[in-house]
Amino acid sequence: MYVNGEDKMQDCKLLLFDLDGTLLRSDKTISAKTQKMLQRCKQEGILIGVSTSRAEQNALSLIEIVQPDIIVSSGGALVKYNNEYIYKAEFCAEETANLIQMARRICGSDCEITIDTIDSHYWNYKTDPKKQDQSWGESIYTDFMDFEKSSLKMCVEIFEDSQAKQLQEMLKDCDCVRFSDGYWYKFTKKTATKENAIAKVCAVCGIKIEEITAFGDDYADIGMLKLCGKGIAMGNAIEEVKQNADLVIGSNDEDGIAAYLEQCFDR
């Protein structure tokens with residue numbers, strides 16, 4: 001299902017896109033057709049935004065292609081509008097060290113962890129993430145033994161549900177969301193969510209919530225889709241996202257976004 005009678009682009013002032021599984025195809029590229037439709041939207045005066053759980057530094061090659069007006073990164077912990085940061089929710093260095101310590105205590109000293117800071121992405125993977133995803137930005141390897149930096153987000157790979165539940169209980173002041181394509185969980189400040197980031201954007205840009213159309217596919221997108229004027233799930237989205245969306249369109253590998261936008265303009 002693509003368009004209903006109420007889908008009119010003149011009612012939209014901001015299009016907000018998740019990246020992985022949404023704006024990006026499975027091969028981590030943005031199709032030429034989608035890029036063309038985004039340019040058309042810009043020409044019509046519609047703002048373009050990305051809202052991703054990636055660190056900003058891990059999405060730079062994609063940001064260069066999209067040239068968004070708004071960037072929500074690290075799951076909502078960092079918000080940029082017109083190249084200026086308008087919101088950030090950081091753990092101080094001591095809090096970050098405590099997050100890492102708790103993760104290792106519960107999930108094992110060898111558990112895989114990533115940490116986003118404003119200007120870098122740190123990891124202790126067994127495999128360089130760039131070898132798995134060429135769109136991934138530069139990352140810094142560390143063993144996290146003496147990590148003393150403020151951070152925006154921690155992600156932990158947790159295979160046991162009981163361990164994930166225990167870590168969430170220990171980190172009650174964090175927002176925790178699981179990613180559906182693996183065993184990774186993200187931990188940010190309680191206020192660092194995509195929906196809270198959208199509220200910050202609206203306050204600065206003078207846009208109303210109902211004037212935003214958001215697209216997503218995973219758990220972290222549900223709040224965003226429910227909040228915005230129109231929440232659109234990709235055809236490849238998990239079932240929970242589809243159930244909480246106003247509309248389900250074609251998949252990320254079927255140019256679902258481009259087809260939806262094209263039909264909206266043709267109405």
Side-chain angles (χ1 to χ4, degrees), residues 18-21 28 52-59 72-78 88-133 135-194 196-197 216-223 238-241:
D18 173 50
L19 287 179
D20 296 280
K28 304 300 182 182
T52 179
S53 291
R54 290 193 186 210
E56 182 182 0
Q57 296 302 311
N58 294 143
V72 176
S73 57
S74 293
L78 193 63
K88 63 179 178 180
E90 284 186 296
F91 298 108
C92 69
E94 184 178 353
E95 289 172 323
T96 302
N98 182 60
L99 293 177
I100 295 169
Q101 181 183 29
M102 287 294 153
R104 285 182 148 170
R105 180 188 302 175
I106 293 169
C107 306
S109 59
D110 61 344
C111 68
E112 295 196 354
I113 296 172
T114 69
I115 294 287
D116 293 352
T117 65
I118 288 182
D119 55 9
S120 299
H121 176 80
Y122 296 85
W123 57 282
N124 67 346
Y125 295 176
K126 298 176 180 66
T127 304
D128 187 335
K130 199 72 179 274
K131 293 182 178 179
Q132 303 176 50
D133 179 358
S135 74
W136 203 255
E138 295 303 319
S139 300
I140 301 172
Y141 178 84
T142 177
D143 61 10
F144 291 117
M145 292 300 292
D146 298 301
F147 196 82
E148 297 181 352
K149 296 180 182 294
S150 297
S151 67
L152 299 164
K153 182 189 73 174
M154 175 179 76
C155 284
V156 186
E157 189 175 35
I158 311 174
F159 296 102
E160 299 294 333
D161 289 343
S162 59
Q163 291 180 340
K165 184 176 180 180
Q166 186 179 359
L167 186 55
Q168 290 177 59
E169 287 294 320
M170 294 295 294
L171 301 176
K172 289 182 182 292
D173 292 333
C174 293
D175 181 75
C176 175
V177 178
R178 179 181 173 176
F179 299 112
S180 65
D181 59 350
Y183 297 92
W184 286 89
Y185 294 75
K186 77 96 179 177
F187 295 88
T188 55
K189 286 279 191 178
K190 202 75 171 179
T191 56
T193 62
K194 290 188 176 184
N196 189 54
D217 72 299
D218 209 347
Y219 293 114
D221 301 318
I222 292 175
I238 60 174
E239 192 58 35
E240 289 91 333
V241 173

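Under the rule for a side chain to side chain donor-acceptor pair (under 3.5 Å), the partners of T188 that lie at least two apart in sequence or sit in another chain are K186. Among residues two or more places apart in sequence or in another chain, the side chain to side chain donor-acceptor pair (under 3.5 Å) test is passed with S151 by T96. The ring-ring contact (aromatic ring centres under 6.0 Å, His included) test applied to F179 returns no partner, not counting sequence neighbours. In this view, Y122 and F147 satisfy the ring-ring contact (aromatic ring centres under 6.0 Å, His included) rule, not counting sequence neighbours. Residues satisfying the ring-ring contact (aromatic ring centres under 6.0 Å, His included) test with F159, not counting sequence neighbours, are Y183.
One finds a salt bridge joining K28 and D20 here, because a Lys/Arg side-chain nitrogen approaches an Asp/Glu carboxylate oxygen to under 4.0 Å.
When only modelled atom types and interatomic distance are considered, N196 and T191 share no side-chain donor-acceptor pair under 3.5 Å. For the residue pair D116 / S74, a side-chain donor-acceptor distance below 3.5 Å is found, with atom types taken as modelled.
Taking the side chain as every heavy atom from C-beta outward, K153 and L78 never approach each other to under 4.5 Å. Residues L171 and M154 form a side-chain contact, since some pair of their non-hydrogen atoms from C-beta on lies under 4.5 Å apart. Looking at heavy atoms from C-beta onward, I140 lies out of side-chain contact with H121 at the 4.5 angstrom threshold. For the pair W123/I113, no side-chain contact is recorded, criterion being any heavy-atom separation below 4.5 Å from C-beta on.
Judged by distance alone, the side chain of K190 and the main-chain N or O of K172 form a donor-acceptor pair under 3.5 Å.
In terms of heavy atoms, E240 sits closest to Y219 at OE2-OH, 3.6 Å. Here the shortest heavy-atom pairing between C107 and I158 reads SG-CG1, 3.8 Å. Minimum interatomic distance between D218 and S180 (heavy atoms only, all atoms of both residues): OD1-OG, 2.9 Å. Of all heavy-atom pairs spanning E95 and E90, the tightest one is OE1-O, 4.2 Å. Looking at every heavy atom in both residues, S73 comes nearest to A55 through CB-C, 4.2 Å. Across D221 and D217, no two heavy atoms sit closer than the pair OD2-N, 2.9 Å.
For CD of E239, the number of neighbouring non-hydrogen atoms (other residues, nucleotides, ligands) closer than 6.0 Å is greater than 12.
In this structure, the separation between CG on D110 and CG on D143 is 12.5 Å, given to the nearest 0.5 Å. Atoms OG and CD1, from S150 and I115 in turn, are 11.0 Å apart once rounded to the nearest 0.5 Å. How far CG of L167 is from CG of L99: 8.5 Å, rounded to the nearest 0.5 Å. Taken from CD in Q57 to OG1 in T117, the straight-line distance is 7.5 Å, to the nearest 0.5 Å. Separating the CD1 atom in I100 from the CG atom in N124 is a distance of 9.0 Å, to the nearest 0.5 Å. Summarising the geometry, atom SG belonging to C155 is positioned 12.0 Å from atom OH belonging to Y185; distances are rounded to the nearest 0.5 Å.
Listed by first and then second residue, the side chain to side chain donor-acceptor pair (under 3.5 Å) pairs involving residues 158-168 amount to none (not counting sequence neighbours).
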**Asked** Given K189 and K88, is the side chain to side chain contact (heavy atoms under 4.5 Å, CB included) satisfied, shown in steps?
**Response** CA-CA 10 Å; K189 286 279 191 178; K88 63 179 178 180; over 6 Å; no
